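Each chain gets a letter, A, B and so on, in the order its sequence line appears, and its residues count up from 1. Predicted, not measured: the structure shown is a model, and the values here were computed from it.
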Amino acid sequence: MRFRTLLAAVALLAALAPTTQAQPRGSVLLKGATVLTVSGAGTLENTDVLVQDGRIARIGRGLQAPSGVETIDVTGKFVMPGIIDAHSHIALSSVNEATSPVTSEVSMEDVVDPYDIGIYRALAGGVTTSHVMHGSANVIGGQNETIKHRWGQTDPDALRFAGAPRTIKFALGENPTRVHGKRGGGSGARIRPASRMGVEAVLRETFAEGKRYLEAQDRYERERRTNPRAVPPEHSERLEVIADILRGEVLIHCHSYRADEIDMLMRVLADFGVKNVTFQHANEAFKVAPELAAFGASASVFADWWSYKMEVYYSTAYNATILVRNGINTSVNSDSGELNRHLYHEAAKTQRYGDLTDDEALALITINPARQLGIDGRTGSIEVGKDADLAVFDGHPLSVYGVPALTFVDGVKYFDRLNDPDDMRLRAHPNRDVQAGTVLTLDDHDRCLEGAFVIEY
Amino acid sequence: MPRRLTAALAVALLAIAPVAKAQNFGARAAAEPIPTVTGTLAITNARIVRAPGTVLERATVVVRDGVITAVGPDVAVPYDARVIAGDSLWVFPGFVDAASYAGIPEEAAGQPQPVDDPDNAPPARAGFQPDRDARTLYKGSDASVTALRDLGFTTAQVFPRGGMLPGAGATVLLGSAAGPVVLKSGAAQGASYEAARGVAPGTPMAVTARFRQVHREAARRAALAGRYAADPSGMAPPPWDAAHAAYAPVAAGEVPLYFHVNTALETHRALSLSAELGFRITLTGVGEGFELAEKLARLKPAMALTLALPEAPEWAASLKADSLEALMASYDPAERAADYRDQEAELQNLRSRQLLARKDYVANAATLAKAGLRFGFATRDAKAEELRRNVLAMVEAGLPADAALAALTIDGARLLGVDDAVGTIDPGKLGNLVVTDGDWFAEETRVRHVVVAGEVFEPAARTERGASRGGSDRPSR
Amino acid sequence: MLATLLLAFVLQVQPQDAPKPKQGAYAVVNARIETVTGGVIERGTILVERDRIVAVGADVTIPPGIEIVDAAGLHVYPGLIDSGTRLGLTEIGSVDETTDAVELGDITPQMDALSAINPNSALIPVTRVAGVTTVLAEPSGGTLPGMAAMINLVGYTAEQMAAGARVMVMDFPTWPSARPRFGGGGARGGAQDDPEKTFRDALKRVDEIFDRAELYARIDSTWAAGKGDREPEFVPEMRALLPVVRGQMKLMIRVNQEKEIREALAWVSRRGYRNVVFSGLAEGWRVAGELAAAGFPCIVGPVLSVPTRESDRFDRAYANAGLLAQAGVKVAIRTGEAENVRNLPFNAGFAAAYGLGREEALKAVTIHAAEAFGIEGDYGSIEVGKKANFLVSTGDPFETATEIREVFIDGFRVPIDSRQIQLYREFLDRDEGRVKAVEIVPPVRN
């Protein structure tokens, strides 16, 4: 795998270098705002933020813009770190490869769709980074991709969050058991798992296979030094990724709901020496909060979604608060092209369902998800040296009347509420009815099982 | 069936039987070929476009046993030649279709059958059949061959249909032979992002992963096979299957993947995959190439552009060309509707933008040519009856006629590596010619004869719906 | 918040005494009262007797022996009304056995949502603690899915919950969306051959249904007047439609897209129906002028949704209510939700922030909603004689940071409690039990 990564990197450098460098970076001076740093510095009144070449250069009062750098007066407005959505399915051409309970070989980086209007709509909600994930049809789904919302770039590579760690989607409970065992995914064939027992078995068996694969590779690497006729093991894209998980190179983000299955995965991971896991959705994480804290696991939850299926019936909107109070790194995510436009409002709900402070609530959609994605060194708070991913609000972002006004990624303004035209599509369709619309019901927002049932028999 | 009805039907059948028989006979008579008496053909006194930009006035071309023996103003007509008087006619090199389904019958779709293990479906279902070969599938008698030939296409690289790796292509002559007359084979593997239905790979991302798997495992097996052939001692025989073996030349960089890409995104993705795995790539389709013209100009991949164009929107059908132009000119990218009173303005602006968007597709070839790229053309996604209309629309949108002709002839031939055999009207090359009553790029021009390796065809007198002004602006049904 | 909750728990609930709603006589005192229809009363009092408000004002004499709720520093608003939900008809979305909003058939106007309301749904307490006191529970599926019922979120039987309005639901026909093929790719796609014809046929069918209903009504009236020679056939569907075609029952037309809204307006006017309310109206702002001119009440929502068209401005769904109101339409708001009807105040808050304004937004979830369903005599504001439906909060009920301290529904003082709050109490500071840090032991076992 390391070889493959290297090869890929060389090839990319050779073929696509100009594109990668083309990722635009901006400079701007934001003057006079209330700056919600979501860092040790807390809230800074009447403060300027100077952005140079895509990075936050200075934070302070009375800053002067270097020549050629635009100054924007944001007096009376609020500046917060660009919002990070730890669970999204926007900007993707496909979501679920539901043909097997294990599909670690597929990767969302191969199907990023920079044309999706959902990217702009997310920017209009102050969101600058999304963790775009495989769906939840499989126990071990595909690898995810962390993207920045550089709206207008049409080369999929231009959206990459360079240097973000690799992550992979797991899924427990009703979705994988329904797709594969109970109903029979795309093919109609019913295969394991049909129960939570089966889910654990799939996990353990796959990890065991991955471990053998890893050992066979290591053995081969040793042997070839002395024996030119050593035979390399059969290649498996799938087990390469499992081996990388065991090596600790891929962070696990696991779709899960019930407390028992969350506990189960921690036991499995402990047995295989895997440490880094974020439980996604995790509606019942609050029931095993002390266990999560002991393991060092993270949770990325909904503010208030529940009761749309059996495994979320016994949940509570106080989940995030309980987790935070138990010392667990917690984020609030969207899993939805609707909800992601008001994550600031979702985070604010923790002040109704619990008593989180403003900083604690804001951290749920900034620095905490940044940590879960391993990008907290680059974004998630307003600090000198970090990427200038910023959201400017009219009104406090935790107020229902707070309205996103401007959104910056790498110092480049991609959303401007007062000046953007209505039609922000990157391209128009050559013949589709321009008046055709889609009325989504609430159930349609969830892309987690999209594509999981391909053919009806 | 009630008896009375049966009787009535019998009477009716009796009544029409003689007529039917006579018609049948007539049809058969017309179809029955008259014996050929010579393998020599001369087209005399014609305007011969030898190659794009090279025109011979009042010239003669001679084809003997399928091959051009002479071309020029002062060429003698051999005694045994069948002569076509070319006065007032134009002669072009036969057209080359770089990625085609001509002669490859469509497989009946049908309801897919459930499989036991969707992760390991049979290769045909999974679309993983690089061991198939278009030569074994090609049927010269298929109507698609006639339809393409009638337009002037004489050579086509045909591919098996369906899936991510449908099989090897072959460059064939579009003559009357029932089987393939092969100019080149083993030089192209078809590839696409087409997912399988209900089984793996079921999505574009899984197709991508499967390419990686196949590529790396095929390379491993090929290396082991080579080692085993050289010295089998101390080794188990390496695993073998037809599909991986057929893919091995791609993994070794010997044979390119003819990667069909419909959208800008697929184009980006195929280029990335090629860079990552190191396979040679020829892009086919590329209908949204205009979206990444700069990148294509930089990477300069071999390309065969689709001749399909999106249909015009329905609402545009009732509008005249000048109102369409005016609408396009009125586009305001900064438009904002304050409330319901701005509805009409918004609608007009959206329509304006839609027309401009469609124009990008029509101008795709022109945009890429302007970016300095050379390419052939591919018909696999287009209907025969829209091909000429679309080429003319592309020329109207700014593709120089010479560039269009080159794409149809010599550039297509070069792409396929058959430019020493076809693509221009030169002695030694195959007698592949298109004989028209005017410039092929003029709307009213009709194709009179198509010559495939000396074999002369008269296109069926079908009413060509194309070529009228803005013909490609015809609305979708 | 937690402290308050725990305090409330300790004070109100004795160990064997489950918290329960109680009707009686209450005086809510020292409150800032937003009556909605009669302005704001600073430091006012509300007297409640059984299900009704019997006095409101700054100088209300408090009868002796009455239970006093001190709302010093707190705010009182009318109970919030959600004008379109599935609450009570569904418990767990994906578990078929728990959903009762859809009956088989296309024409089932005799179906009555009230008969399937589950008063013991765990969703109801979760909803009412947000200050949502009254909701419209709607059936769905087919052209005429049945009658929707306005219910109060307290009570032990459907009758006790019924809040006075019952409306006939109709889903207006829609244009099937045809997606033409993009570029190449062969003959894929091809949804509907002729969307226009499909729509016209569907509309014709709707007309046929109502033609027959009107005929049935004539036959029925003639018979009732003693002039007919035989009793009308028993046609339950048409019997259910009788009050609708006679204008006695409201017809609620659910319709969303621009073209369809225009068609629906034309249809209503052609048929001469006046007792009509429109619901959905995702693209209502596009037809705002015509809707205003027609004068029917309009229910929009969910406000928190994406625009219908990719070319739409990003905030169209947020702004829809405001744009309609600006044009002169009387707007009420719905969530279309079941388990998260509790988000109604936030839907109103977003509509307010994106153009509706706070005052209009408050009306959209109180008095305008009541008026849309003809129950403004009992609901929608804090007035003497109206039902005692109101909430007591620390501030603006649309703000997430606001605590809802008290909720009165139908005169019941409802405990601020729900399963979600109970889980909070149990798990916030869970007894750790035998927490064993799961040990990570490299090298790998197995």
Side-chain angles (χ1 to χ4, degrees), chain A residues 4 7-8 11-12 14-16 18-19 92-100 102-103 105-108 110-115 134 142 154-157 184-189 191 229 231-232 234-238 420-423 425 427-435 451 454-455 457, chain B residues 112 114-119 121 197-206 208-209 212-213 216-217 220 224 227 234-236 239 264-265 268-269 271-273 275-276 278 291-292 295 298-299 310-315 333-337 346-347 349-351 353-354 356-358 360-361 476:
Chain A
R4 178 181 142 193
L7 221 169
L12 271 176
L16 308 166
T19 311
L92 294 174
S93 302
S94 59
V95 174
N96 270 300
E97 173 64 21
T99 53
S100 164
V102 180
T103 57
E105 71 277 15
V106 310
S107 175
M108 311 319 286
D110 294 327
V111 287
V112 169
D113 175 4
Y115 291 100
H134 189 273
T154 56
D155 189 325
D157 287 334
S187 71
I191 48 181
R229 291 179 60 75
V231 175
E234 182 171 345
H235 179 77
S236 168
E237 288 288 314
R238 184 169 294 173
D420 284 351
D422 287 354
D423 182 4
R425 292 172 300 166
R427 58 176 178 181
H429 193 286
N431 54 24
R432 190 177 175 205
D433 179 4
V434 296
Q435 289 175 288
V454 188
I455 300 176
Y457 284 94
Chain B
V115 298
D116 290 336
D117 182 0
D119 195 26
R197 289 181 64 196
V199 301
T203 51
M205 58 188 168
T208 310
R212 294 193 179 104
Q213 172 66 33
R216 294 182 169 127
E217 178 61 10
R220 186 189 76 99
L224 287 179
R227 241 198 271 164
M235 262 179 94
L265 285 178
H268 281 295
R269 290 167 187 166
L271 288 170
S272 294
L273 194 61
E276 177 193 336
E291 279 284 304
L292 60 158
K295 181 170 174 175
R298 181 156 40 80
L299 298 175
E311 288 158 350
E314 242 169 78
W315 58 265
E335 190 269 346
R336 289 168 67 118
E346 188 209 25
L347 177 61
N349 207 48
L350 288 173
R351 289 185 164 170
R353 188 173 185 198
Q354 179 162 63
L356 290 167
R358 187 166 173 281
D360 285 341
Y361 288 82
S476 55

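Contact annotation: the side chain of A/Q435 never approaches that of B/W315 to less than 4.5 Å [non-hydrogen atoms, C-beta and beyond]. Taking 4.5 Å as the limit, every side-chain heavy atom of B/T208 sits out of range of all side-chain heavy atoms of B/P201. At least one side-chain heavy atom of B/L224 sits less than 4.5 Å from a side-chain heavy atom of A/P232.
A/E234 touches chain B through backbone and side chain together, each having a heavy atom under 4.5 Å away. At a 4.5 Å heavy-atom cutoff, the contact between A/D420 and chain B is made by backbone atoms alone. Neither the backbone nor the side chain of B/L292 comes within less than 4.5 Å of any heavy atom of chain A. Looking at A/T154, both its backbone and its side chain come within 4.5 Å of chain B, counting heavy atoms on both sides. Using a 4.5 Å cut-off between heavy atoms, B/P239 does not touch chain A at all. Of the two parts of B/R220, only the side chain, counted from C-beta on, holds a non-hydrogen atom closer than 4.5 Å to a non-hydrogen atom of chain A.
The candidate with the highest count of non-hydrogen atom pairs below 4.5 Å against chain A, out of B/R336, B/E291, B/R351, is B/R336. Comparing B/A121, B/A357, B/A206 by how many heavy-atom pairs each has under 4.5 Å with chain A, the most go to B/A206. Your options are A/V112, A/V102, A/I191, and the one with the most heavy-atom pairs under 4.5 Å with chain B is A/V112. Counting heavy-atom pairs closer than 4.5 Å to chain A, the top residue among B/M235, B/R269, B/E217 is B/R269.
At a threshold of 4.0 Å, the pair B/R353-B/E346 does not count as salt-bridged, since none of the basic side-chain nitrogens sits closer than that to a carboxylate oxygen. Salt bridge annotation for B/R212-A/E105: absent, with no cationic side-chain nitrogen under 4.0 angstrom from a carboxylate oxygen.
In this structure B/D360 satisfies the side-chain hydrogen bond (donor to acceptor under 3.5 Å, both in side chains) test with no other residue, sequence neighbours excluded. Every residue two or more places apart in sequence or in another chain that forms a side chain to side chain contact (heavy atoms under 4.5 Å, CB included) with A/P421 is listed here: A/M424.
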